[in-house]
Amino acid sequence: MAKTLFDKVWDAHVVTEIPGGNQVLYIDRHLIHEVTSPQAFNGLRRRGLPLLRKDRIVATADHNVPTIDQHLPIREPLGAKQVQMLTDNCKEFDVDLYGLGHPYQGIVHVIGPELGITRPGVTMVCGDSHTSTHGAFGAVAFGIGTSQVEQVMATQCLLLTKPKKMRINVEGDLARGVTAKDLILYVISQLGTGGGTGYFVEYAGSAVRALSMEGRMTVCNMSIEMGARGGLIAPDQTTFDYLAGREFSPRGQDWEAAVAYWKTLTTDADAHFDVEHTYRAEDITPMVTYGTNPGMGMGVKESIPVSSDIHGDASIQKAMKYMDLEAGKPLEQMPIDYVFIGSCTNSRIEDLRAVVGLIGDRKVADSVTAIVVPGSQQVSKQAIAEGLDKKLIAAGFQFREAGCSACLGMNEDKVPAGKYCVSTSNRNFEGRQGPGARTILASPLTAAAAAITGRVTDVRELLIEHV
Amino acid sequence: MTPFKKLTSSAVPLPIEDVDTDQIIPARFLKAVTRDGFGENLFRDWRFDKDNQPKEDFVLNNPTYTGQILVAGANFGCGSSREHAAWAIGDFGFRVVVSSYFADIFSGNALNNGILPLVVSPTLLDEVFRTIEADPAAKFTVDLEAQTFKNETTGTVSTFNIDSYKKTCLINGYDDIDYLLSQSDLIEKFERERKDFSLT
Ligand code: SF4
């Protein structure tokens with residue numbers, strides 16, 4: 001029977017099916033971090049169970065870590081305790097830990113791919129919803145809750161119902177200044193935050209195939225923002241080129257065998273999807289969000305909708321109140337206070353290069369606090385090697401150390417109440433970047449443009465000016 | 001996990017769509033290393049202002065509305081996978097959340113913590129909200145064994161779906177780990193026989 005890419009990977013990992021339709025799915029890779037693992041380790045101890053497969057689990061500290069002076073002890077006591085507990089647990093259970101100070105430390109969804117831990121055809125989980133990021137490599141990757149973290153630790157398996165399948169095709173060429181982030185924000189604005197609930201999404205079409213691995217990761221990362229369980233993209237030469245020579249990538253004959261297998265991981269021509277959507281790349285412009293969920297997005301030149309079938313009018317009104325914005329008005333030219341470039345959506349080396357490229361000799365507006373937080377120590381090291389850090393600092397950005405930072409406001413990097421932040425992260429929920437903070441999601445280019453002008457800006461105009 | 005069979009209770013209405021887990025439990029409260037005490041911070045920023053004073057217009061601060069059933073708008077529990085959201089709801093005292101649909105991860109987390117995510121049709125959800133509006137003390141009965149949800153005021157009885165395995169778990173207070181451990185022979189066999197293992 002014809003199979004989709006998702007079927008091929010999922011079905012190859014089914015250990016057994018139980019009455020009622022649930023399946024026991026074998027998990028190849030398990031990533032853990034300090035926030036969602038302590039209770040799982042406690043559970044193992046309470047039940048007296050060992051960690052089943054140490055070679056399939058990797059840990060890092062990212063959510064709670066400071067992004068300044070990482071060599072010093074963490075000042076905030078609860079955060080420090082959580083990070084210490086991760087260290088202690090990893091020691092007790094003999095888990096590889098890329099903690100603070102380790103050259104591989106970073107946001108869990110940045111380090112997996114850059115180390116070659118992520119690869120096509122695997123099943124991957126993490127107690128974090130943006131695990132969908134790893135689907136960019138043709139892996140079946142999804143976020144789980146802490147009880148499931150414990151299940152995987154104890155049995156290397158999960159009990160799941162197989163999700164339905166959706167394909168999203170984006171055909172054509174993205175215009176200059178329009179990025180992978182705009183593509184996914186556009187798709188989510190069309191489908192709404194619940195549009196993907198119950199589905200696993202395959203992204204396809206010429207615009208998707210043309211994306212770099214970084215771009216593909218940005219797209220898959222935000223699958224969860226439309227409610228999808230995960231998203232994936234068929235591996236191809238772009239994937240293989242990215243993985244070749246990475247720390248944990250196969251080598252020599254193993255590499256050849258792996259690539260031969262990975263090439264089989266595509267959707268068969270006549271495979272069935274439960275739902276399919278097709279969009280034109282030409283219709284996508286730089287995107288910004290105006291509301292309090294990632295589906296409330298629009299082209300930067302558009303006006304905030306007065307009513308909406310997708311979100312419901314009441315939700316729009318509630319969002320307008322929180323954001324202190326007015327429906328029917330545009331966002332372009334509105335003054336902003338903060339710019340955050342970082343998070344597992346957009347903190348990779350390509351994102352930083354794009355920002356530096358756009359800035360050129362320009363400076364951050366006096367009214368704006370702009371911070372750049374690389375996704376990992378390796379990204380940071382690479383940025384420094386290329387001199388990007390100096391250029392960013394010269395332009396008026398703060399260049400921080402790796403971590404989740406202002407993406408979720410768990411460490412001290414927060415946006416103050418009432419302030420507007422153009423952010424390259426993935427969630428604009430109320431209070432996400434700090435209590436009362438107002439988030440406008442956008443691409444790294446659009447965020448950099450806002451940093452320069454101090455306003456919500458159509459980055460295409462700066463690009464024209466620049467040539 | 002505490003077993004769940006049948007419950008008759010009044011309900012707390014939260015007629016808001018797309019309630020995300022950052023609202024249910026904001027990230028700054030995720031620093032705990034145990035599962036306890038999250039109820040205190042359930043809907044923290046909707047319940048309390050920045051000076052930690054209760055916001056009177058929020059439903060959980062209104063003594064008129066009580067009960068072990070939370071009734072919420074569509075797409076409840078979207079966003080972050082934090083199980084802390086389910087812990088907070090359970091710790092606050094809810095056993096059932098009623099909505100027209102739930103975000104996938106939340107729904108799994110709820111079930112793993114003995115909380116029933118009960119899906120009703122959008123029309124029925126409206127009726128439930130109207131019933132509570134008219135009478136905040138209105139009672140509802142959830143019968144998991146029969147898979148029925150009864151509005152005691154209007155007498156409307158509807159059935160709901162739940163996966164048969166999950167139903168057994170909830171009724172008996174089992175969790176998935178017990179089941180998975182019972183499959184360990186099959187899991188080992190899978191590992192032994194898997195052809196492409198070296199590639200993954
Ligand atoms: S960067 Fe943000 S979204 Fe990504 S893992 Fe960290 S907190 Fe989660």
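Reminder, nothing fancy here: chain letters follow the sequence lines and each chain counts from 1.
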Inset, instruction - Please step through side chain to side chain contact (heavy atoms under 4.5 Å, CB included) for the pair A:S147 and B:M1, ending with a clear verdict. - result: CA-CA 11 Å; A:S147 296; B:M1 216 166 74; over 6 Å; no
Inset, instruction - Show your working on side chain to side chain contact (heavy atoms under 4.5 Å, CB included) between A:R47 and B:D178 and close with a plain yes or no. - result: CA-CA 10 Å; A:R47 295 176 203 253; B:D178 302 321; 3.6 Å; yes
Inset, instruction - Apply side chain to side chain contact (heavy atoms under 4.5 Å, CB included) to B:D176 and A:T155, showing your working. - result: CA-CA 10 Å; B:D176 288 358; A:T155 69; over 6 Å; no
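Neither the backbone nor the side chain of A:L160 comes within less than 4.5 Å of any heavy atom in chain B. Only the backbone of B:F102 comes within contact range of chain A, with at least one heavy atom under 4.5 Å from a heavy atom of that chain. If you measure heavy-atom distances from A:R427 to chain B, the contacts under 4.5 Å come from the side chain alone. Of the two parts of A:M85, only the side chain, counted from C-beta on, holds a non-hydrogen atom closer than 4.5 Å to a non-hydrogen atom of chain B. With a threshold of 4.5 angstrom between heavy atoms, A:P19 approaches chain B through N, CA, C or O but not through any side-chain atom. At a 4.5 Å heavy-atom cutoff, the contact between B:S80 and chain A is made by backbone and side-chain atoms alike. Interface residue B:I16: only side-chain heavy atoms are found under 4.5 Å from chain A. With a 4.5 Å cut-off on non-hydrogen atoms, A:V14 touches chain B through its backbone but not through its side chain. At a 4.5 Å heavy-atom cutoff, the contact between B:Y179 and chain A is made by side-chain atoms alone.
Contact tally against chain B (heavy-atom pairs below 4.5 Å) for A:L78, A:T146, A:T131: the top residue is A:T146. Options A:P435, A:G431, A:G21, A:G20 differ in how many heavy-atom pairs under 4.5 Å they form with chain B, and the most are formed by A:P435. Highest contact tally toward chain A, considering only B:T34, B:D18, B:D20, is held by B:D20 [criterion: heavy-atom pairs under 4.5 Å]. Among B:P15, B:G79, B:P26, the residue making the largest number of heavy-atom pairs under 4.5 Å with chain A is B:G79. Of the listed residues (B:V33, B:T21, B:N109), the one with the most heavy-atom contacts under 4.5 Å to chain A is B:V33. Chain B forms more heavy-atom pairs under 4.5 Å with one residue of A:L159, A:N411, A:N22 than with any other, namely A:L159. Highest contact tally toward chain B, considering only A:M410, A:H63, A:H130, is held by A:M410 [criterion: heavy-atom pairs under 4.5 Å].
Separation of atoms CD (A:Q148) and CG (B:L180) is listed at 10.0 Å; rounding is to 0.5 Å. We find the SG-CD distance between A:C157 and B:E191 to be 7.5 Å, quoted to the nearest 0.5 Å. Summarising the geometry, atom CG belonging to A:L25 is positioned 8.0 Å from atom CZ belonging to B:F190; distances are rounded to the nearest 0.5 Å.
A:S315 and B:E17 get closest at one heavy-atom pair: OG-CB, 4.0 Å. For the residue pair B:A27 and A:L408, the shortest heavy atom distance occurs at CB-O, 3.4 Å. The two residues A:Q82 and B:A32 have their closest heavy-atom pair at NE2-O, 3.3 Å. Considering every non-hydrogen atom in both A:G145 and B:I105, the closest pair reads N-CG2, 4.4 Å. Between A:G409 and B:R28, the closest heavy-atom pair is O-CB, 4.4 Å. The two atoms that bring B:I177 and A:A154 nearest to each other are CD1-CB, 4.0 Å, heavy atoms only.
Contact of the A:T16 side chain with the B:I187 side chain is not registered, since no non-hydrogen atoms from C-beta on lie closer than 4.5 Å. Two residues are said to be in side-chain contact when any heavy atoms from C-beta on lie closer than 4.5 Å; A:V24 and B:L186 fail this criterion. Proximity of A:S129 to B:R82: side-chain heavy atoms (C-beta onward) are nowhere separated by under 4.5 Å. Annotation: side chain of B:N112 is in contact with side chain of A:Q151 (closest heavy-atom distance under 4.5 Å). A:Q39 places none of its side-chain heavy atoms less than 4.5 Å from the side chain of B:D36.
Heavy atoms from other residues, nucleotides or ligands lying under 6.0 Å from OH of B:Y174 number 12 at most. For B:K55, the NZ atom counts as densely surrounded, since its 6.0 Å shell holds more than 12 non-hydrogen atoms of other residues, nucleotides or ligands.
For a heavy-atom cut-off of 4.5 Å, chain A lies close to B:D163, B:S164, B:Y165 in residues 135-170 of chain B. Contacts from residues 124-134 of chain B to chain A, taken as heavy-atom pairs separated by less than 4.5 Å, involve no residues at all.
Among residues two or more places apart in sequence or in another chain, the salt bridge (charged side-chain N to carboxylate O under 4.0 Å, His left out) test is passed with A:E430 by A:K318.
Side chain of A:E34 to main chain of B:K31: no donor-acceptor pair is present (N/O by atom type, distance under 3.5 Å, no hydrogens or angles). A donor-acceptor pair under 3.5 Å is formed between the side chain of B:D104 and the backbone N or O of A:G198.
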Listed pairs under 3.5 Å, donor-acceptor, residues 84-95 of chain B side chains, sequence neighbours left out:
{"unit_1": "B:W87", "atom_1": "NE1", "unit_2": "B:E83", "atom_2": "OE2", "d": "3.2"}
{"unit_1": "B:W87", "atom_1": "NE1", "unit_2": "B:N113", "atom_2": "OD1", "d": "3.1"}
{"unit_1": "B:D91", "atom_1": "OD2", "unit_2": "B:F38", "atom_2": "N", "d": "3.2"}
{"unit_1": "B:D91", "atom_1": "OD2", "unit_2": "B:G39", "atom_2": "N", "d": "2.7"}
{"unit_1": "B:R95", "atom_1": "NE", "unit_2": "B:G114", "atom_2": "O", "d": "3.2"}
{"unit_1": "B:R95", "atom_1": "NH2", "unit_2": "B:T2", "atom_2": "O", "d": "2.9"}
{"unit_1": "B:R95", "atom_1": "NH2", "unit_2": "B:G114", "atom_2": "O", "d": "2.8"}

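Side-chain N/O atoms of A:D128 and B:S81 include no donor and acceptor closer than 3.5 Å.
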